[in-house]
Every structure is written in structure tokens, then in C-alpha cells.
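Since we're looking at a predicted model, the values are computed, not measured. First the proteins, then the strands, lettered A, B, ... as listed; each starts at 1.
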Amino acid sequence: MKSEELYALLRRRGFLWPSAEIYGAAAGLYDYGPLGHAFKRRIEGAWASWFLGLSEDYYRIEPAEILPEAVVRASGHLENFTDPEVTCARCHSSFRAETVLEKVRPAGVDGLSPAEIGKLIEENQVRCPSCGERALELPRPFNLMFGLDWGAAGKERAYLAPETAQASYLAFHRMWDVGRHALPLGIAVIGHAYRNEIAPRQVLFRMRSFTQAELQIFFDPTHFPLPFEEVADESLPVLRASDRANGLSAPRAVTARELVGEGGLPEFYVYHLAQELRFFRDVLGVPPERIRLLEKSDAERAFYNRLQFDVEVSVESLGGFREIGALHYRGDYDLTRHGTATGKELAVTPTNRPRLVPHVLELTFGVDRALWALADLGLEMEGERTLWRLPAHLAPVPVAVFPLLAKPHGEAARALVTTLRAEGIEAQLDDSGTIGKRYARMDEVGTPVCVTVDGETVDPAHPNHGTVTVRARDSKLQERVAIPALPARLARVGRFPRPRAER
RNA sequence: GCGGUUGUGGUCUAGUGGUUAGGACGGUAGCUUCCCAAGCUACCUACCCGGGUUCGAAUCCCGGCAACCGCACCA
């Protein structure tokens with residue numbers, strides 16, 4: 001399906017639409033409608049359930065989304081999230097100053113003022129990489145963070161968080177104090193991140209405000225006990241940086257065990273890579289051949305990341321593999337930076353272990369991107385019929401209830417909805433149009449189960465009195481089920497998978 | 001940010017200076033005892049925004065906004 005077709009369908013069904021639309025809309029901002037919101041909550045719930053399920057010591061918090069300037073200075077965002085850009089006066093192309101100057105100054109331009117960069121361009125007679133003219137203008141800084149005036153005097157600055165991770169690092173000392181002084185300690189946040197993208201594109205893939213789900217695992221690199229055997233035989237579709245350097249673009253299937261052995265990756269890292277794969281494949285229902293674990297090279301990843309694999313999903317509407325999640329081994333960079341900046345001691349002494357500054361393993365997940373990818377992957381056009389094959393536990397509407405005929409069966413259908421809701425099943429009534437249209441509507445939004453009340457249900461003389469038809473989305477098959485048996489039958493529909501068998 | 005293309009009901013679209021702005025799908029209400037988008041009737045909803053030209057603009061011009069494609073960017 002093409003991107004525009006998919007977007008039209010999502011708009012038509014009220015999943016999402018452009019923000020501030022009656023004012024002509026704002027690029028890079030989208031509002032979620034009822035179905036989009038419900039779907040997104042399901043994805044977030046599935047994520048939380050899976051990754052918080054990895055350990056008893058992983059917790060979810062809800063931090064503020066505004067960061068004082070001192071925080072982003074220490075984190076490096078103030079400096080590194082700013083790219084001086086130069087524009088060619090003749091052909092109007094623009095480039096990062098670093099790119100233009102890479103021949104004359106291979107060390108990069110970090111820390112140079114716009115005037116100093118301009119001087120370098122002038123002295124070295126640098127030409128425009130596009131048209132070859134000497135027409136490059138003075139560079140202007142472009143920071144991807146949204147700055148805020150802070151306080152009445154407006155002298156201090158603050159920023160909308162460009163990633164949710166920073167708040168977790170700031171919360172670490174509190175979490176340590178209130179916890180049981182053991183590593184690993186996990187802090188999960190599902191929240192918004194804000195970036196002033198120059199050119200928002202592709203709807204949910206380049207937004208100015210978006211939702212991240214991130215788990216920061218603080219751990220002792222010399223001691224990270226894990227049930228590695230549980231994932232050792234898992235086959236991972238990895239594309240190593242070294243393979244890419246040799247021109248490979250297809251992933252190779254490598255077991256977790258091999259990735260640690262011959263692959264030379266730390267066990268704790270591979271374990272979480274495997275859990276990422278399982279989450280995308282088994283929880284989100286992404287077909288395995290559409291998942292790729294792509295290792296970022298030294299040049300591609302941020303300098304503080306010692307290891308980085310992106311979890312990529314092949315999305316037809318966006319023309320191929322796109323990053324939805326990532327696994328970053330950030331070492332002790334973050335806690336050390338914040339410790340140095342504040343003068344606070346962020347080293348800890350775990351029970352029966354030597355004192356250390358914990359290392360961080362970051363699991364990050366783009367909720368909006370996942371939403372788009374799942375819609376893209378699941379929607380099938382079968383002639384007139386649009387069918388969304390969505391895992392039942394992710395469906396925005398888990399169960400729909402219809403009266404076969406609105407008048408004679410409407411009351412019984414409404415009563416059934418009430419009964420199901422009392423059992424904690426989010427059933428939704430639809431009594432408009434005809435039965436076939438209702439089935440079609442629900443197929444289009446991925447509702448796995450439709451329940452229909454008919455004449456036999458309400459006829460005390462009929463053998464099928466008190467039973468309803470239960471219709472499965474993918475097969476369209478129906479069967480009659482007694483109403484009292486229905487809650488048990490439907491309870492499984494909304495339950496999120498967990499990473500390990502409950503103990 | 002740059003260049004190109006485009007902007008008509010919820011969706012897809014017809015209309016290229018004077019139209020009651022047409023259709024299809026959709027939605028709502030009713031009829032039809034009706035389990036997979038059936039039929040019939042009625043109704044609902046639109047010219048992206050702001051200027052200009054003109055007796056008259058959805059239509060032509062300028063500016064803005066937005067989308068798509070390409071370039072650049074995406075620590």
C-alpha cells in the first residue's frame with residue numbers, strides 16, 4: 001500500500017489527522033483520534049508488559065518533559081544537537097558545515113563559532129559541493145531542540161526534551177534510594193520527545209512531537225546475571241557493520257549463542273537483542289522476514305554509544321527497512337556527565353558488590369512509527385474488502401457486538417455489551433446500517449471478534465435461545481456460543497504476552 | 001531549508017472566468033424479519049487561507065500554509 005493511501009484510510013477512520021487543521025495545519029504535528037489513541041495505548045501497553053516483565057527491578061516512571069538548560073548542556077545536546085549549516089547563495093543548496101569542511105579540517109567543527117567557520121571557508125576558498133561556485137554564505141546554527149523562555153525574567157533557558165532518556169538519568173539517584181540497592185535497575189518511560197525537524201516528512205516517521213518508549217537499564221558491566229539460555233538458540237536476523245562494509249545488505253540468520261561466541265558481542269547485549277526480536281515478532285506480530293537488526297558503524301553511531309543495533313522493519317509504504325527501535329550500550333557516559341556537571345556522586349554501592357558508576361543499556365522504541373508500520377503491514381485489500389490482520393491483543397476495538405436487526409434485537413445487544421464490560425471486556429456496540437457493513441467496518445480496523453445477537457437469541461422457544469454467533473475476523477467463520485460462556489471465551493483477546501513464564 | 005508538482009464534501013474525483021459546483025463511495029434517518037459493503041426513499045457534508053485582477057474567480061496573478069517527489073538534514 002502506498003503511503004498516501006494508508007494515510008487516507010487512517011484519516012477516514014479517525015485514527016489520526018494533522019494538528020491545527022482548520023488553520024491550515026502544522027507540519028510534523030498530528031492528533032490521534034479515538035481509534036488511533038486506543039491503538040497507541042495498546043502498543044504502549046504491550047511494550048510495557050514485555051520489557052518491564054524482564055525483571056522485578058524494572059519500573060515505570062513519568063517524568064517532566066521540559067529540561068533546564070544545564071541538563072542539556074551536560075548531556076551534550078546543546079552542543080551536539082546543533083549543526084551549523086551553510087547555504088550556497090547561487091544554487092540554494094544547504095549543507096552541514098562539517099561536511100563542507102571535511103577536507104580542510106577533518107577534526108570537525110565542534111566548538112567553532114559561525115564567524116570562525118566562515119573564516120575557514122573564506123581562507124580555503126571552499127566551493128559549493130553542489131554547483132562548484134565559491135558562493136557559500138555565513139553559516140547559521142540550527143539546533144533541533146525547541147528552546148523555551150524560562151521564568152519571568154526570561155534570562156534562563158529550558159528546552160523541550162529531545163529524548164525521554166535524559167529524565168531517566170536524572171531520576172536514577174532517587175530510584176536508587178527508594179529501591180533495594182541492587183543492579184540491574186531498570187527505569188522505563190513512555191513519553192513525548194520534541195525535535196524541531198527542518199523538514200518533517202512521511203507522516204508519523206518524522207514528527208516534531210512524538211512518543212518514545214524507552215527502558216534504561218543501569219547495570220554492573222562485570223556482573224549482569226541473565227537467563228541467557230532462554231534465548232541462546234534464537235535465530236537473529238543481523239546485519240553486522242562489518243558485513244555492510246563489505247557490501248552486504250541482507251541480514252544473516254545467526255543464533256544468539258553464535259553472536260556471543262564468534263560474534264564477539266557481550267552476552268547481556270545479545271540477550272536484549274533477542275528480546276527485542278521476540279517483541280517485534282511475537283508481540284507486535286511483524287513477520288520475521290520483515291525484521292532486520294542493523295548494526296551501526298563507528299562513524300554512524302553517537303560517540304557515547306559503544307554498541308548500537310537498530311531494529312528495522314520493512315515498511316512497504318515507506319519503501320523498505322525503517323528504524324522503529326534501537327538498542328544502545330551507552331557505557332557510563334550519561335551518569336558520569338551528569339555527575340561531573342552537578343558535582344554529585346552518582347556512583348553506587350550495590351549490596352555485596354564493589355562501588356561503581358553503573359553502565360546503561362538503552363532500549364528505545366518509537367511508538368508512532370510502530371503504529372504506522374503495523375497498519376502498513378496488517379492491512380490487506382481483498383477486492384472490496386479491507387482486512388486488517390492485527391494481533392488480537394493490539395486491536396483498538398477488541399470486541400464488537402451487533403444486533404442482527406436494530407429494532408427487535410437492539411435491546412438484547414445493548415444488555416450484552418453491558419455484561420461484557422462488567423467483565424472487563426471493552427466491547428463496542430454497532431447497530432447502524434446492515435450486518436454485512438458492520439462486519440466490513442470492523443474488519444477494516446482489525447477487530448478480531450464480532451458477536452451478533454439474532455432472533456434465535458431472544459426467542460425463548462428456540463433451541464438456540466441465549467446463544468449468540470461469534471465471528472472470527474480472518475476466517476469469517478461463525479459459531480454459536482452461550483452468553484454465559486462468552487466472557488471466558490473473550491478474556492484472552494486483550495491479554496498482552498509476557499517475556500517469561502510467570503513464576 | 002532549496003527546487004519541482006499539487007490543493008474541490010469524511011474519502012476518491014468532474015468541473016479551466018458566469019454551473020442550483022456534478023458523480024461515486026461514505027454517513028444519518030426510514031422501509032425491507034436482513035449473518036458478510038444488497039435494494040429503495042430522503043437527508044448530510046466541499047472549492048486550503050489571505051490579498052489582487054475583473055462587472056463577475058473554484059478557475060487567472062501574488063503571498064502564505066499544507067501535502068507529494070527530488071536534494072539536504074534526521075546528535
Worksheet entry | Nearest-Å distance for atom pair CZ/C1', residues A:Arg201 and B:A67 | 10 Å
Fill in: Residue-level proximity of residues 1-27 of chain A to RNA chain B when a heavy atom falls under 4.0 Å
A:Glu4, A:Ala8, A:Arg11, A:Arg12, A:Gly24, A:Ala25, A:Ala27
Response to the item:
Answer for the Watson-Crick or wobble partner of B:U33, both distances under 3.5 Å, is none
Worksheet item: With sugar-phosphate meaning primed atoms plus P, OP1 and OP2, does A:Asp454 contact a base, only sugar-phosphate, or nothing at under 4.0 Å between heavy atoms?
Response: base
Worksheet entry | Watson-Crick or G-U wobble mate for B:A58, both contacts under 3.5 Å | none
Worksheet item: Does B:A24 pair with anything, Watson-Crick or G-U wobble, both distances under 3.5 Å, and if so, with which nucleotide?
Response: B:U11
Worksheet item: Taking the inter-plane angle between the rings of A:Phe365 and A:Phe280 on a 0 to 90° scale, is it parallel (under 30°), tilted (30 to 60°) or perpendicular (over 60°)?
Response: perpendicular
Fill in: P spacing across the pair B:A46 / B:G4, given as an integer number of angstrom
34 Å
Practice prompt. Give the nucleotide from the list B:C35, B:A67, B:A37 with an atom nearest to the side chain of A:Arg480.
Written response: B:C35
Fill in: C1' atoms of B:A21 and B:U59, separation to the nearest Å
12 Å
Practice prompt. Describe the nucleic acid contact of A:Ser475 in one word from base, sugar-phosphate, nothing, applying a heavy-atom distance below 4.0 Å.
Written response: nothing
Practice prompt. Provide, to the nearest angstrom, the distance between the CG atom belonging to A:Leu405 and the P atom belonging to B:G30.
Written response: 13 Å
Practice prompt. Please give the nucleotide sitting opposite B:A38 as a Watson-Crick or G-U wobble pair, both distances under 3.5 Å, or none.
Written response: none
Item to complete: Measure the distance from CZ on A:Arg208 to P on B:C74 and round it to the nearest whole Å.
Response: 15 Å
Worksheet item: Using a cut-off of less than 4.0 Å, is there contact between a side-chain N or O of A:Thr452 and OP1 or OP2 of B:C35?
Response: no
Worksheet item: Whole Å only: how far is the CG atom of A:Leu318 from the P atom of B:C74?
Response: 19 Å
Item to complete: Work out which heavy atom in A:Ile291 is nearest to a heavy atom in A:Phe321; give both atom names and the distance.
Response: C-CE2, 4.0 Å
Item to complete: Provide the Watson-Crick or G-U wobble partner of B:A66, both distances under 3.5 Å; none if there is no partner.
Response: B:U6
Discussion item. Let me spell it out: for each of A:Ala440 and A:His328, pick the nucleotide of RNA chain B with the closest heavy atom. Which residue's pick is nearer the 5' end?
Written reply: A:Ala440
Worksheet item: Charged N to carboxylate O below 4.0 Å: is that the case for A:Arg389 and A:Glu382?
Response: yes
Worksheet entry | Lys/Arg-Asp/Glu bridge criterion (N-O < 4.0 Å) met for A:Arg244, A:Glu300 | yes
Discussion item. Please report the distance separating the C1' of B:G9 from the corresponding atom of B:C71, rounded so that it comes out in whole Å.
Written reply: 36 Å
Practice prompt. Compare every heavy atom of A:Trp17 with every heavy atom of A:Gly33, then report the nearest pair and how far apart it is.
Written response: CA-CH2, 3.4 Å
Worksheet item: Is there a donor and acceptor pair closer than 3.5 Å between the side chain of A:Gln478 and the base of B:C36?
Response: yes
Worksheet item: Which nucleotide, in any strand shown, forms a Watson-Crick or G-U wobble pair with B:U53, with both distances under 3.5 Å?
Response: none
Worksheet item: Taking a pair as Watson-Crick or G-U wobble with both distances under 3.5 Å, which nucleotide is matched to B:U45?
Response: none
Worksheet entry | Euclidean distance for C1', B:G30 against B:C36 (whole angstrom) | 23 Å
Worksheet entry | A:Gln202 CD to B:A66 P, straight-line distance once rounded to whole Å | 17 Å
Worksheet item: Roughly, in whole Å, what's the span from CZ in A:Arg206 to P in B:A67?
Response: 12 Å
Item to complete: Taking all non-hydrogen atoms of both residues into account, name the closest pair between A:Ala167 and A:Ala64 and its distance.
Response: CB-O, 4.3 Å
Item to complete: Write down the distance between CD (A:Glu382) and P (B:C36), rounded to a whole number of angstrom.
Response: 16 Å
Item to complete: Could you tell me whether the phosphate oxygens of B:G30, OP1 or OP2, come under 4.0 Å of any side-chain nitrogen or oxygen in A:Lys407?
Response: no
Fill in: Length of the line joining A:Leu387:CG and B:A37:C1', which is rounded to integer Å
14 Å
Worksheet item: A:Trp372 vs A:Tyr7 aromatic rings, parallel, tilted or perpendicular, using cut-offs 30° and 60°?
Response: tilted
Item to complete: Considering only atom C1', compute the distance from B:G39 to B:U33 and round it to an integer number of Å.
Response: 16 Å
Discussion item. Students often mix this up, so state it plainly: with edges at 30° and 60°, are the rings of A:Phe309 and A:Tyr269 parallel, tilted or perpendicular?
Written reply: tilted
Fill in: Taking every non-hydrogen atom, the tightest pair across A:Thr342 and A:His338
OG1-O, 2.7 Å
Worksheet item: Mind checking the P distance from B:G3 to B:C43? Whole angstroms is fine.
Response: 49 Å
Practice prompt. Would you mind telling me which residue lines up with the more 5' stretch of RNA chain B, A:Glu163 or A:Arg441, judged by nearest nucleotide?
Written response: A:Arg441
Discussion item. Heavy atoms only, 4.0 Å cut-off, all strands: where does A:Arg195 land among base, sugar-phosphate and nothing?
Written reply: base
Worksheet item: Are the aromatic ring centres of A:Trp388 and A:Phe15 under 6.0 angstrom apart?
Response: yes
Fill in: Same-atom distance (C1') from B:U11 to B:A67, integer angstrom
16 Å
Worksheet item: Does the side chain of A:Lys476 get closer than 4.0 angstrom to OP1 or OP2 of B:C35 through an N or O atom?
Response: no
Worksheet item: So which nucleotide from B:U28, B:C36, B:C35 ends up closest to the side chain of A:Arg471?
Response: B:C36
Discussion item. Considering every strand and a 4.0 Å limit on heavy-atom distances, what is the contact class for A:Leu404: base, sugar-phosphate, or nothing?
Written reply: base
Worksheet item: Across all strands shown, which nucleotide pairs with B:A72 by Watson-Crick or G-U wobble geometry, both distances under 3.5 Å?
Response: none
Discussion item. Say we look at B:A24 and B:A37: how far apart would their C1' atoms be, to the nearest angstrom?
Written reply: 14 Å
